[in-house]
Number of protein chains: 2
Amino acid sequence: MKKAIATQSIQNYLKHIYELTEGGQPASTTDIARELNVKPASVTGMVQKLAAEKPALVGYQKHQGVTLTAAGKKAALEVIRHHRLLETWLVQTLGYSWDEVHEEAERLEHVISEDFESRIAAALGNPTRDPHGELIPTEDLKMPPDKSIPLSSLRPNQTGIIQRVNAQNADLLRHLDELGLVPKVCVEVVEYSSFDNNLTIKVGSKSLVLGSNITTKIFIKCG
Amino acid sequence: MKKAIATQSIQNYLKHIYELTEGGQPASTTDIARELNVKPASVTGMVQKLAAEKPALVGYQKHQGVTLTAAGKKAALEVIRHHRLLETWLVQTLGYSWDEVHEEAERLEHVISEDFESRIAAALGNPTRDPHGELIPTEDLKMPPDKSIPLSSLRPNQTGIIQRVNAQNADLLRHLDELGLVPKVCVEVVEYSSFDNNLTIKVGSKSLVLGSNITTKIFIKCG
DNA sequence: AAAATAATTTAGGATAGACTAAATTTTACG
DNA sequence: CGTAAAATTTAGTCTATCCTAAATTATTTT
């Protein structure tokens with residue numbers, strides 16, 4: 001009897017492969033390895049197993065990178081739904097702040113039942129976004145369309161409303177919170193430096209200069 | 001670099017050893033094996049590792065059974081506190097019924113943080129008993145004293161209030177629920193059969209005949 | 001007290017999932 | 001193009017945790 005891959009491994013691999021392939025490009029073993037804090041060689045081994053599952057969870061041709069199959073994508077969206085519902089729920093019912101939730105959700109996402117998932121979804125009124133503004137996959141595991149664009153793509157005189165902040169690092173999130181760069185807040189670009197891609201923006205009454213390490217993580221709905 | 005035992009293994013072993021040694025007697029490898037659904041030989045191996053930890057988590061002399069050290073007991077009570085708080089909280093905030101919670105709590109208990117633990121404890125008003133009436137270890141990891149006695153020890157004309165039901169099996173719990181044998185309910189013993197130890201009891205307006213498979217799991221505060 | 005039975009431990013093996021080092025393939029560039 | 005650099009894969013190792021089978025120790029029976 002061949003032993004199954006641990007579901008936690010599967011879920012972590014698929015979740016990160018999903019995020020890396022959102023742009024449409026296959027993910028390299030190196031990138032996956034960096035995300036998972038594992039060596040590239042380990043990724044090769046695991047990815048070969050994921051491709052050998054029935055049904056296959058990833059498409060994989062050596063040196064051509066890794067993509068998700070329909071089954072793999074579904075499994076990935078299931079974990080992401082768990083994660084984002086959990087974050088929402090930790091913030092709303094237990095008073096966590098948006099910078100504290102990630103770690104806790106990261107551990108819980110692998111162990112909760114579907115029953116638990118639907119109970120918290122219902123208790124929260126089937127939310128569509130998590131505390132960072134990220135879209136929550138629907139119950140039938142479709143990722144809703146996202147029309148937001150990175151703050152880094154705005155130019156002087158353009159304005160927008162912060163829709164989502166794509167970051168997990170607690171320190172960074174706390175920093176952004178202090179700057180007031182949280183979902184639903186209005187921002188206006190004042191100046192753009194083509195030299196270093198820094199943006200000078202106005203948030204409320206404050207002026208801020210932001211590097212691309214931040215502006216590429218904040219997504220805007222143009223207004 | 002010696003690799004640590006997985007915390008989930010540690011916790012599951014300690015939790016079950018705690019329960020088996022509550023009577024004061026050391027636990028045999030066979031009993032532990034049955035509880036954990038592993039073979040006795042595996043228990044021997046793991047118990048030797050637990051005894052070699054610094055500080056030691058179990059006391060262990062070959063052929064003499066296994067006991068918990070102070071450190072091991074503390075770790076066991078930590079998991080039990082997690083479990084019972086989780087059960088309480090699943091029932092009270094997500095509408096689980098008392099027969100559904102065990103499985104879910106069993107998986108969550110190993111992954112929640114201390115922060116999570118104290119948040120739910122506070123949200124619940126630091127409860128002292130879980131939905132089955134079992135005592136919840138205190139925050140400083142002491143198990144409160146329990147003065148309840150098994151229903152099986154009552155005799156005709158004696159009455160009591162159900163304090164706790166020591167069972168996890170969902171089907172059994174559902175059955176007990178249907179019979180009305182839940183904490184805080186009043187029972188009166190009508191008849192005792194020394195032949196098979198069956199008790200005939202009155203609960204509300206109903207009369208029931210209960211075997212020892214049930215009467216030894218229901219604990220009573222004499223009234 | 002010897003023999004039979006039960007419980008426990010030892011010894012040896014499997015598998016999952018990580019790692020390292022070496023071999024190979026792809027990509028970039030003079 | 002052809003070679004250097006980068007990325008990837010292969011091969012082999014390690015540890016945790018389980019397993020089975022055989023050996024040993026404890027307990028019970030006669």
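So that the names make sense, note that chain A is the first sequence line, chain B the second, and so on, each numbered from 1.
- Take A/His102 and apply the ring pair (Phe, Tyr, Trp, His ring centres under 6.0 Å) test, not counting sequence neighbours, and it matches A/His83.
- Put simply, CG on A/Leu36 is 19 Å from P on C/dA16, counting in whole angstrom units.
- Atom pair A/Arg34:CZ and D/dA6:C1' shows a separation of 13 Å (rounding to whole Å applied).
- Under the rule for a side chain to side chain donor-acceptor pair (under 3.5 Å), the partners of B/Asn197 that lie at least two apart in sequence or sit in another chain are B/Tyr192.
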Assign a letter to each nucleotide of nucleotides 21-27 of chain D from its 5' end: B, base within under 4.0 Å of a protein heavy atom; S, sugar-phosphate only; -, no contact.
----SS-
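- Between D/dA7 and A/Thr29, no contact under 4.0 Å exists linking OP1 or OP2 to a side-chain N or O.
- Listed by first then second residue, pairs satisfying salt bridge (charged side-chain N to carboxylate O under 4.0 Å, His left out) with a partner in residues 34-54 of chain A read A/Asp31-A/Arg34, not counting sequence neighbours.
- No donor-acceptor distance shorter than 3.5 angstrom exists from the side chain of B/Thr21 to the backbone of B/Gly24, with no hydrogens or angles considered.
- For B/Glu78, the side-chain contact (heavy atoms from CB on, under 4.5 Å) criterion is met by B/His82, B/Glu114, B/Glu117, B/Leu141, not counting sequence neighbours.
- Within residues 6-19 of chain B, the residues that have a heavy atom under 4.0 Å from DNA chain D are, in order of number, B/Ala6, B/Ser9, B/Tyr13.
- Atom CD in B/Glu53 sits about 10 Å away from atom P in D/dA16, given to the nearest Å.
- Minimum atom distance to the side chain of A/Thr44 is reached by D/dT10, of the listed C/dT20, D/dT10, D/dC18.
- Here the P atom of nucleotide D/dA16 and the CE atom of B/Met46 are 10 Å apart, to the nearest Å.
- With D/dC19, C/dA18, C/dT10 as the candidates, the nucleotide lying closest to the side chain of B/Val38 is D/dC19.
- As rounded to whole Å, 15 Å separates atom P of C/dT9 from atom NZ of B/Lys49.
- A heavy-atom distance below 4.5 Å is found between the side chains of A/Leu108 and B/Ile112.
- When the side-chain contact (heavy atoms from CB on, under 4.5 Å) test is applied to A/Lys73, the partners found at least two apart in sequence or on another chain are A/Tyr18, A/Leu68, A/Leu77.
- For A/Thr69, the side-chain contact (heavy atoms from CB on, under 4.5 Å) criterion is met by A/Ala56, A/Ala71, not counting sequence neighbours.
- The CD1 atom of B/Ile32 sits 16 Å away from the C1' atom of D/dC18 (whole-angstrom rounding).
- Residues passing the side chain to side chain donor-acceptor pair (under 3.5 Å) test with A/Gln11 are A/His110, sequence neighbours excluded.
- Contacts of A/Arg174 classified as side-chain contact (heavy atoms from CB on, under 4.5 Å), with partners at least two apart in sequence or in another chain: A/Asp99, A/Ala170, A/Asp171, A/Glu178.
- Rounded to whole Å, the distance from CD1 on A/Ile5 to P on C/dG17 is 6 Å.
- The phosphate of D/dA7 (OP1 or OP2) has no side-chain N or O of A/Ser28 nearer than 4.0 angstrom.
- Pairs passing the side-chain hydrogen bond (donor to acceptor under 3.5 Å, both in side chains) check and including a residue from residues 127-141 of chain A, sequence neighbours excluded, read A/Glu87-A/His132, A/Arg129-A/Gln163, A/Glu134-A/Arg164, A/Thr138-A/Asp140.
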Please enumerate all protein N or O atoms sitting under 3.5 Å from an N or O of nucleotides 2-5 of chain D, with distances to 0.1 Å.
none

